[in-house]
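Notes to accompany the following structure.
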Amino acid sequence: MDFETARDGIESMEIRGAGKIARAAARGLADAASRYEGDPEGFADHVEERAGELLATRPTAVSLRNALDRVLDAAHDADGAVDERVDTVEAAAEAFVQASHDALDAIAAAAAGSIGDGDVVLTHCNSQAALGGILRARKEGREPRVYATESRPFRQGKITVDQLAEAGVDATLIVDSAVASVMDDVDAVFVGADTITAQGVVVNKIGTRMVALLAREHGVPFRVCAETYKFSPATLLGEEVPIETRPVEEVTDPDELPDGVSVENPVFDRTPPRLVDAIVTEVGSIHPAQAAWIIQEHLGGASRL
Ligand code: RUB
């Protein structure tokens, strides 16, 4: 994927979902590296500058920063002629993409293990990691039923039901405010994550916290599916996860509102660890209290960005 396609696609949300964003950014940065025309000494600075442009596209998903860091580390560690440095960077980007796909496979296998025939699962937004287990359970011959929230304002729930239907999964689309009404029928909730803090707070699509509160109220397990690169090393030192706000036009036409009425469009929220029963990662299912351990074991060092 070329640099511009990655940058503009992430910004416009044609490329969306924290995992896809991360893979596009890694490949886009490798493309930017391959187009460098200066001397070897300026190579890493050039890659870092382009990484900064990619990082500025969307603020919340730490997967973006973690992916860029992997590629940037390779740019800084590379030596020799520019061609050799480019090879090193391209190999790092491909290694990240491959590891990301492997992680999704491992998470799907683990999550599918807890989904029985006829189980009713609820999911929010559109998460590749969260859907993986449901699709895998179906492939293994079981017939889960799924409630998918519409996920206003961007309506990613439509993508979710399209993907489920294509795989032959019995899917029901509901508006976000119907979650309480269906929760009595639900056996488990599976959602994804954009960022998980060292304290075990799950940052995901707006409305996730409401779903988690209702799941707890109804005694339904609330599980988060997340690759290890969704954990944020900076939060070990107390850095806050920024919550993206998007244009109000995604919610409504502001011209149709009376004077003095404003609209807010925060697109992510924070679910506290006490509402999360498990985080399913490629290195095992953990309790949110173990988030800092994941960061220490699987994500080394401070960010270059
Ligand atoms: C998508 C979203 C997803 C996570 C995880 O938000 O909140 O739940 O990114 O997705 P947006 P995945 O549509 O605004 O990017 O599991 O696919 O990485």
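Throughout, numbering of the chain's residues begins at 1 and tracks the sequence. Start at 1 and go down the list; that is how both ligands and their atoms are numbered.
Contact annotation: the side chain of Phe154 never approaches that of Val267 to less than 4.5 Å [non-hydrogen atoms, C-beta and beyond].
Every side chain to side chain donor-acceptor pair (under 3.5 Å) that Thr228 has, sequence neighbours left out, goes to Glu282.
Shown here is Arg145, whose CZ atom has no more than 12 heavy atoms of other residues, nucleotides or ligands within 6.0 Å.
For residues 38-52, the side chain to side chain donor-acceptor pair (under 3.5 Å) pairs, not counting sequence neighbours, are Glu48-His76, Arg50-Glu53.
Screening Arg155, Gln163, Gln156 against Asn126 for a side chain to side chain donor-acceptor pair (under 3.5 Å) leaves a single residue, Gln163.
Alongside Val146, the hydrophobic cluster contains Ile115, Val121, Leu131, Ile134, Leu135, Leu164, Val169, Phe190 (criterion: ILVMFWY side chains under 4.5 Å).
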Measure from every N or O atom of ligand 1 to the protein's N or O atoms and keep only the pairs below 3.5 Å, writing each with atom names and distance to 0.1 Å.
{"residue": "ligand 1", "atom": "7 (O)", "partner": "Asp194", "partner atom": "OD1", "Å": "2.9"}
{"residue": "ligand 1", "atom": "7 (O)", "partner": "Asn204", "partner atom": "OD1", "Å": "3.1"}
{"residue": "ligand 1", "atom": "7 (O)", "partner": "Lys205", "partner atom": "N", "Å": "3.4"}
{"residue": "ligand 1", "atom": "8 (O)", "partner": "Asn204", "partner atom": "OD1", "Å": "2.7"}
{"residue": "ligand 1", "atom": "9 (O)", "partner": "Ala18", "partner atom": "N", "Å": "2.8"}
{"residue": "ligand 1", "atom": "9 (O)", "partner": "Asp194", "partner atom": "OD1", "Å": "3.2"}
{"residue": "ligand 1", "atom": "9 (O)", "partner": "Asp194", "partner atom": "OD2", "Å": "3.1"}
{"residue": "ligand 1", "atom": "13 (O)", "partner": "Arg16", "partner atom": "NE", "Å": "2.4"}
{"residue": "ligand 1", "atom": "13 (O)", "partner": "Arg16", "partner atom": "NH2", "Å": "3.2"}
{"residue": "ligand 1", "atom": "13 (O)", "partner": "Gln156", "partner atom": "NE2", "Å": "2.8"}
{"residue": "ligand 1", "atom": "14 (O)", "partner": "Arg58", "partner atom": "NH1", "Å": "3.3"}
{"residue": "ligand 1", "atom": "14 (O)", "partner": "Arg58", "partner atom": "NH2", "Å": "2.9"}
{"residue": "ligand 1", "atom": "14 (O)", "partner": "Lys205", "partner atom": "NZ", "Å": "2.7"}
{"residue": "ligand 1", "atom": "15 (O)", "partner": "Gly17", "partner atom": "N", "Å": "2.9"}
{"residue": "ligand 1", "atom": "15 (O)", "partner": "Arg58", "partner atom": "NH1", "Å": "2.9"}
{"residue": "ligand 1", "atom": "16 (O)", "partner": "Ser127", "partner atom": "OG", "Å": "2.7"}
{"residue": "ligand 1", "atom": "16 (O)", "partner": "Gln128", "partner atom": "N", "Å": "3.3"}
{"residue": "ligand 1", "atom": "16 (O)", "partner": "Ala129", "partner atom": "N", "Å": "3.0"}
{"residue": "ligand 1", "atom": "17 (O)", "partner": "Gln128", "partner atom": "N", "Å": "2.8"}
{"residue": "ligand 1", "atom": "18 (O)", "partner": "Ala18", "partner atom": "N", "Å": "3.3"}
{"residue": "ligand 1", "atom": "18 (O)", "partner": "Gly19", "partner atom": "N", "Å": "2.7"}
{"residue": "ligand 1", "atom": "18 (O)", "partner": "Lys230", "partner atom": "NZ", "Å": "2.9"}

